[in-house]
Amino acid sequence: YRSIDQYRVLNTAVDRSWSILYRCALNNAELIINSDVAGSEYYKGIAYILKAYGFQLATDAFGDVPLSEALKGKDFVNPNYEGQEVVYDSIFTFIDKGKALFKATSATGVSSQDMIFGGDLTQWEAFANTLALRAYLRLSEVDATKAAAGIKTLYAENAKFLTNDASITYTTTGGNENPLYNEMVGLGKTQNMVASSTAVTAFTKNNDPRLLAFYDIPLDSVHVVAIPQGSYASNTKVMASSPSALVGASANNERSALAPAKLISKTESLFLQSEAAVRGWGEGDAEALYQAGVEASFLAAGLSAVDASTYLGQSAVAFPANGTAAKKIESIITQKYYAMCGF
């Protein structure tokens with residue numbers, strides 16, 4: 001990953017991600033949506049929401065992407081690319097279609113085939129609302145009017161947001177391991193990823209105990225060892241820390257196989273709600289939601305609420321209650337960045 005580490009991203013670094021999104025995730029959702037099996041409304045509702053999730057991943061990563069002419073097989077081998085504004089409008093449409101299908105009264109129930117919520121449609125609706133909140137907030141600096149209207153509508157409808165991680169769990173056998181760890185196993189358990197000074201310096205500066213949850217300490221050291229981004233060539237002999245099994249990225253720790261893949265976490269849900277409140281588009285106490293988001297991250301890392309409270313007691317990380325809206329949003333986004341480390 002040396003070229004990626006130096007921000008020299010080549011087409012070959014992203015073509016597989018593109019293929020998995022379109023050929024697998026989005027295509028599978030479309031197959032379910034177009035199914036003629038009777039009573040499959042709940043399955044189709046879930047598929048619409050995952051289609052929205054997939055298209056947001058695609059357009060956020062690549063910009064203009066195939067949309068209306070995508071997923072149609074051999075009839076459209078060179079689909080037209082459409083702009084992000086059109087894609088985002090479609091994301092909201094897909095979410096609404098999915099939620100509407102959950103209201104069907106005679107559909108077949110979904111259970112163990114659902115690897116995320118086990119067929120719990122209440123959780124799926126909360127996921128859909130949280131995905132919509134995330135998408136609207138990403139429009140906040142380019143179309144604040146649309147973002148505000150969409151978020152205010154969510155709250156007016158008394159939308160419920162995620163209170164648990166939307167995640168996929170894995171096992172230690174049969175190819176059902178965490179995909180990142182599985183990839184490492186296929187590469188002979190080579191530890192291709194190590195700690196970056198960018199994140200480690202920030203954790204250390206803030207006395208953040210999550211540092212030891214997200215990274216391992218090398219055998220020849222007593223602390224986490226990181227190298228600067230892009231400096232691999234000059235640090236080939238440094239025994240840098242690897243990401244931990246918690247995030248599925250420790251090649252030689254089999255517990256990495258069990259790390260969940262989080263589509264949207266409880267932590268992110270709380271930070272999104274906090275940002276919406278700061279902007280005046282959502283409800284709730286922005287500071288309380290911010291603190292709850294930090295606490296959720298600590299608990300997910302195996303730490304305690306007391307650890308989170310101690311951390312939040314530092315002026316550098318406390319919510320800037322008397323600061324500007326911009327400063328409050330900066331604090332929320334920064335804490336979201338820390339919480340998503342490795343995920």
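Below, all heavy atoms of this structure are taken into account, side chains as well, without hydrogens, waters or symmetry copies. Since the model is a prediction, treat every value here as computed from it, not as a measurement.
Between the side chain of Asn27 and the backbone N or O of Tyr22, no donor-acceptor pair lies under 3.5 Å. Judged by distance alone, the side chain of Ser241 and the main-chain N or O of Asp216 form a donor-acceptor pair under 3.5 Å. Between the side chain of Asp143 and the backbone N or O of Leu139, no donor-acceptor pair lies under 3.5 Å. No side-chain donor-acceptor contact under 3.5 Å links Ser250 to the backbone of Ser256. Panel note: side chain Ser231, backbone Ile227; no donor-acceptor pair is recorded below 3.5 Å. Of the possible donor and acceptor atoms, none in the side chain of Thr59 sits under 3.5 Å from a partner among the backbone N and O of Gln56.
The heavy-atom pair separating Ala276 from Leu133 by the smallest distance is CB-CD1, 4.1 Å. A pairwise comparison of heavy atoms in Ala240 and Pro218 identifies C-CG, 4.0 Å as the closest pair. Between Leu131 and Ala52, the shortest heavy-atom distance links the atoms CD2-CB, 4.0 Å. Between Ala325 and Val278, the shortest heavy-atom contact is O-CG1, 3.8 Å. Contact record, Tyr81 with Asp64: CD2-O, 3.3 Å, taken as the closest heavy-atom pair. The two residues Ala132 and Phe92 have their closest heavy-atom pair at O-CE2, 3.8 Å.
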Verdict with supporting geometry, Tyr88 and Asp60, side chain to side chain donor-acceptor pair (under 3.5 Å): CA-CA 10 Å; Tyr88 260 77; Asp60 283 0; 2.7 Å; yes

Before giving the answer on side chain to side chain donor-acceptor pair (under 3.5 Å), spell out for Gln314 and Asn207 the whole-Å C-alpha distance, their side-chain angles and the decisive distance to 0.1 Å. CA-CA 9 Å; Gln314 302 177 91; Asn207 300 306; 3.2 Å; yes

Gln6 and Tyr232: side chain to side chain donor-acceptor pair (under 3.5 Å), yes or no, with the steps? CA-CA 9 Å; Gln6 296 171 336; Tyr232 171 83; over 6 Å; no

For the pair Leu258 and Asn178, evaluate side chain to side chain contact (heavy atoms under 4.5 Å, CB included) and give the outcome as yes or no after the intermediate values. CA-CA 6 Å; Leu258 299 174; Asn178 173 282; over 6 Å; no

Evaluate Asp114 against Trp124 for side chain to side chain contact (heavy atoms under 4.5 Å, CB included), listing each step before the verdict. CA-CA 10 Å; Asp114 172 11; Trp124 271 110; 2.7 Å; yes

Chi angles and distances behind the side chain to side chain donor-acceptor pair (under 3.5 Å) call for Gln229, Asp5: CA-CA 6 Å; Gln229 203 75 31; Asp5 185 46; 2.9 Å; yes

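Using a 4.5 Å heavy-atom threshold, the side chains of Leu121 and Gln123 count as separate. Between Glu30 and Leu26 there is no side-chain heavy-atom pair separated by less than 4.5 Å. Contact of the Glu254 side chain with the Glu177 side chain is not registered, since no non-hydrogen atoms from C-beta on lie closer than 4.5 Å. At least one side-chain heavy atom of Pro243 sits under 4.5 Å from a side-chain heavy atom of Gln191. In this structure, the side chains of Met184 and Thr190 stay at 4.5 Å or more apart for every pair of heavy atoms. The closest side-chain heavy-atom distance from Thr201 to Thr204 is not below 4.5 Å. Contact check for Leu246 versus Arg255: no side-chain heavy atoms found under the 4.5 Å cut-off. At least one side-chain heavy atom of Ile168 sits less than 4.5 Å from a side-chain heavy atom of Leu263.
Taking a cutoff of 4.0 Å between a charged side-chain nitrogen and a carboxylate oxygen, Glu268 and Arg134 qualify as a salt bridge. Residues Lys266 and Asp165 are not paired through a salt bridge, judged by the lack of any N-O separation under 4.0 Å between the basic side chain and the carboxylate. Ion pairing between Glu41 and Lys99 fails under the 4.0 Å rule for side-chain N and carboxylate O. Between Lys146 and Glu85 there is a salt bridge, since a side-chain N of the basic residue sits under 4.0 Å from a carboxylate O of the acidic one. Salt-bridge annotation for Arg210 and Asp307: absent, with no side-chain N of the basic residue lying under 4.0 Å from a carboxylate O of the acidic one.
Within 6.0 Å of CG on Asp75 lie more than 12 heavy atoms contributed by other residues, nucleotides or ligands. For Asp220, the CG atom counts as densely surrounded, since its 6.0 Å shell holds more than 12 non-hydrogen atoms of other residues, nucleotides or ligands.
Phe271 does not carry Lys336 over the face of its six-membered ring by the limits of under 6.0 Å from the centre and within 45° of the normal.
Taking the six-membered ring where the residue is Trp, Phe298 and Tyr311 present tilted rings, their angle falling between 30° and 60°. Note on ring orientation: taking the six-membered ring where Trp is involved, the planes of Tyr338 and Phe203 are tilted (angle from 30° to 60°). In this structure, Phe161 and Tyr155 have tilted ring planes: the angle between them lies in the 30° to 60° band.
In this structure, Trp18 has its ring center closer than 6.0 angstrom to the ring center of Phe62.
A side-chain contact (heavy atoms from CB on, under 4.5 Å) with Ile91 is found for one member of Tyr53, Tyr136, Phe55 and no other, namely Phe55.
At a cut-off of 3.5 Å, with distance as the only test, a side-chain donor of Gln113 or Tyr43 sits close to an acceptor on the other residue. Gln273 and Ser269 share a side-chain donor-acceptor pair at under 3.5 Å.
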